[in-house]
Structures are given as C-alpha cells and as structure tokens.
Amino acid sequence: MSRRSLVVGNWKMHGSRPANAALLDGILQARPFTCDVAVCVPFPYLSETAVTLAGSDLRWGAQDCSVHEQGAYTGEVSAGMLAEFGCRYVIVGHSERRALHAESDQQVADKAKAALAKGVTPIVCVGETLAQREAGQTEAVVKRQLSAVIHTLTHCAGEMVVAYEPVWAIGTGLSATPEQAQAVHALLRAQLRAATPHADGMKILYGGSVKPDNASVLFSMPDIDGGLIGGAALKAADFVSICRAARL
Ligand code: PEP
C-alpha cells in the first residue's frame with residue numbers, strides 16, 4: 001500500500017523569533033514538496049508559526065500536551081489549546097520526556113487520547129535505549145510502549161502517527177541502519193495490523209540522527225514513511241533536503 005510520506009521537524013527547546021522567521025521562510029521558499037511537511041515548535045512560538053504558515057500546505061504542531069482538558073495544572077498545556085492555534089500534530093512520549101519527566105507508557109497513551117479528542121493527531125514516539133538493545137529487549141520494549149497506546153485509543157488507534165526513535169540514535173549522530181530501522185518498523189506495523197484495519201495506511205516515521213546524507217536510504221525502506229527530525233530540522237537547507245528525500 002502506498003502511504004504519503006510525512007517529515008516532521010522537532011525543534012525541541014530551540015529557536016528565537018528572528019531565527020524561527022528565517023527558518024520558516026527557508027522552508028516556505030523551498031515548496032512544493034512531494035511529502036507532507038510539519039514543524040513542531042515550542043509553545044510560545046505557536047501563534048507566530050500559525051500566522052506565518054497559514055494558507056500554505058505546511059503544517060505545525062507542538063511537542064507535548066497535558067492528559068487533562070483544563071484545570072489547576074500549572075505549566076501544562078491542553079490539547080484543546082493546541083487545537084485553537086491550528087496545531088495539526090502533537091508529539092507525545094518523546095524519549096526526552098519519558099526520561100527527564102518520568103512519563104509512563106500509560107501517561108503517553110492518555111496524552112495521545114487527549115490529543116485525538118480535540119482533533120490533533122498524536123505522533124507517538126517509541127524506542128529502546130542502548131542498554132535495552134544490547135540486552136535483546138528492543139522488540140519487547142517498543143511493543144509494550146505501543147501496546148499501551150493501542151489499548152487506550154481502541155477504535156481510534158488507526159488515527160495516530162507512530163515514530164520509532166531508538167534512544168541511542170537521538171542527537172548522537174549514530175543513526176540506526178536502514179535494515180535495523182526497517183526491522184522494528186515491520187514489527188510495529190504487524191502489531192498495528194492486529195489492532196486496527198487501518199494499519200497499512202498508517203504512517204510510521206523514523207527518528208534518530210536523520211541527516212541529508214542518510215535520509216533517502218532510510219526513507220527507501222518499505223515501512224519507513226518519513227522522519228521525525230531533531231537537529232537537522234533547525235537548518236532550512238538540511239531540513240528541506242531531508243523533505244526532498246522522502247518517497248511519494
Ligand atoms: C528527535 O529529537 O526527535 C530527534 C530525532 O533528534 P535528532 O534528529 O537530532 O537525532
């Protein structure tokens with residue numbers, strides 16, 4: 001089945017108003033793309049990003065959301081608020097949040113559910129640490145992480161985007177080989193097939209040190225439907241060249 005590729009920039013906690021303007025302008029100038037393209041920006045920049053990208057085919061989103069709709073949760077941002085700013089996507093369960101904020105599989109699943117309830121597509125990140133890979137636990141870890149989301153979303157599971165991000169490859173310059181990544185993507189696809197009739201149309205992105213020079217070989221693998229890009233999403237030329245490497 002052919003799936004339209006998606007390339008998403010995860011800006012993490014980077015940026016400034018002038019730097020963002022230059023970066024977005026560089027991406028806008030490079031259109032058209034043959035894949036879907038989105039940027040997930042820090043919360044304070046959502047409003048300006050929405051204004052800059054409005055009317056273009058570029059999409060935008062955030063990097064986290066609350067499990068709650070509203071209330072006394074200082075510092076939290078709800079999915080409904082993201083929807084108000086036109087967010088198409090929200091990243092949930094990024095390994096930095098799992099590690100630095102102790103987010104559990106169930107919290108990640110609840111965030112994905114909160115996002116879908118407001119019409120925002122969750123990009124659910126799964127991935128093993130180096131120690132887990134070396135202990136032969138990759139399959140068990142990613143399946144456990146995805147399973148929590150599948151069971152929480154039930155009949156809506158087909159609406160999420162999944163991102164396989166091996167923790168050891170994030171920000172390290174050590175990308176998974178295309179074969180290593182494809183092997184995990186294939187087992188995630190199989191798990192999705194057992195859960196939803198929409199699995200073959202779902203996007204499974206790869207993330208972890210994707211750069212202009214390794215993007216096309218990664219994106220040529222049958223179950224890799226695009227990328228979640230960190231460091232290389234901060235330079236327009238690199239991000240654009242990764243977007244150009246995506247298959248149709
Ligand atoms: C990420 O943070 O999601 C990521 C993949 O980062 P990088 O591309 O820098 O490895």
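Whatever order the structure lists them in is the order used to number ligands and atoms, beginning at 1.
- Minimum interatomic distance between Asp64 and Phe43 (heavy atoms only, all atoms of both residues): O-CZ, 3.3 Å.
- Judged purely by atom type and a 3.5 angstrom limit, Gln132 uses its side chain to pair as donor or acceptor with the backbone of Thr129.
- Within ligand 1, counting atoms from 1 as listed, the ones closer than 4.0 Å to a heavy atom of Gly208 are 5 (C), 10 (O).
- Protein heavy atom closest to atom 5 (C) of ligand 1, with residue, atom name and distance, is Glu165 OE2, 3.1 Å.
- Summarising the geometry of Ile242 relative to Pro212, their closest heavy-atom pair is CG1-N, 3.8 Å, with the distance given to 0.1 Å.
- Using a 4.0 Å cut-off to heavy atoms of Asn10, the atoms of ligand 1 that qualify are 1 (C), 2 (O), 3 (O).
- Remark: of the listed residues Val141, Val142, Asp105, Val142 is the sole one forming a side-chain contact (heavy atoms from CB on, under 4.5 Å) with Val126.
- Taking any N or O of Thr172, backbone or side chain, none lies under 3.5 Å from an N or O belonging to ligand 1.
- Under the 4.5 Å side-chain heavy-atom criterion for ILVMFWY residues, a single connected hydrophobic cluster contains both Leu58 and Trp60.
- The distance from ligand 1 to the heavy atoms of Lys12 drops below 4.0 Å at these ligand atoms: 1 (C), 2 (O), 6 (O).
- For ligand 1, one of its N or O atoms has an N or O atom of Gly171 under 3.5 Å away.
- A 4.5 Å side-chain heavy-atom check between His94 and Leu100 finds every atom pair outside the cut-off.
- Partner of Met160 under the side-chain contact (heavy atoms from CB on, under 4.5 Å) criterion, chosen from Thr121, Val92, Ile123, Ile150: Ile150.
- Summarising the geometry of Asp223 relative to His185, their closest heavy-atom pair is O-ND1, 2.9 Å, with the distance given to 0.1 Å.
- For ligand 1 and Ala169, the ligand atoms under 4.0 Å from any heavy atom of the residue are 10 (O).
- Within ligand 1, counting atoms from 1 as listed, the ones closer than 4.0 Å to a heavy atom of Leu228 are 3 (O), 5 (C).
- Protein heavy atom nearest atom 9 (O) of ligand 1, with residue, atom name and distance: Gly231 N, 2.8 Å.
- Under the 4.0 angstrom criterion for non-hydrogen atoms, His94 is in contact with ligand 1.
- Under the 4.0 angstrom criterion for non-hydrogen atoms, Ala163 is not in contact with ligand 1.
- Listed by atom number, the atoms of ligand 1 under 4.0 Å from Gly230 heavy atoms are 4 (C), 5 (C), 6 (O), 7 (P), 8 (O), 9 (O).
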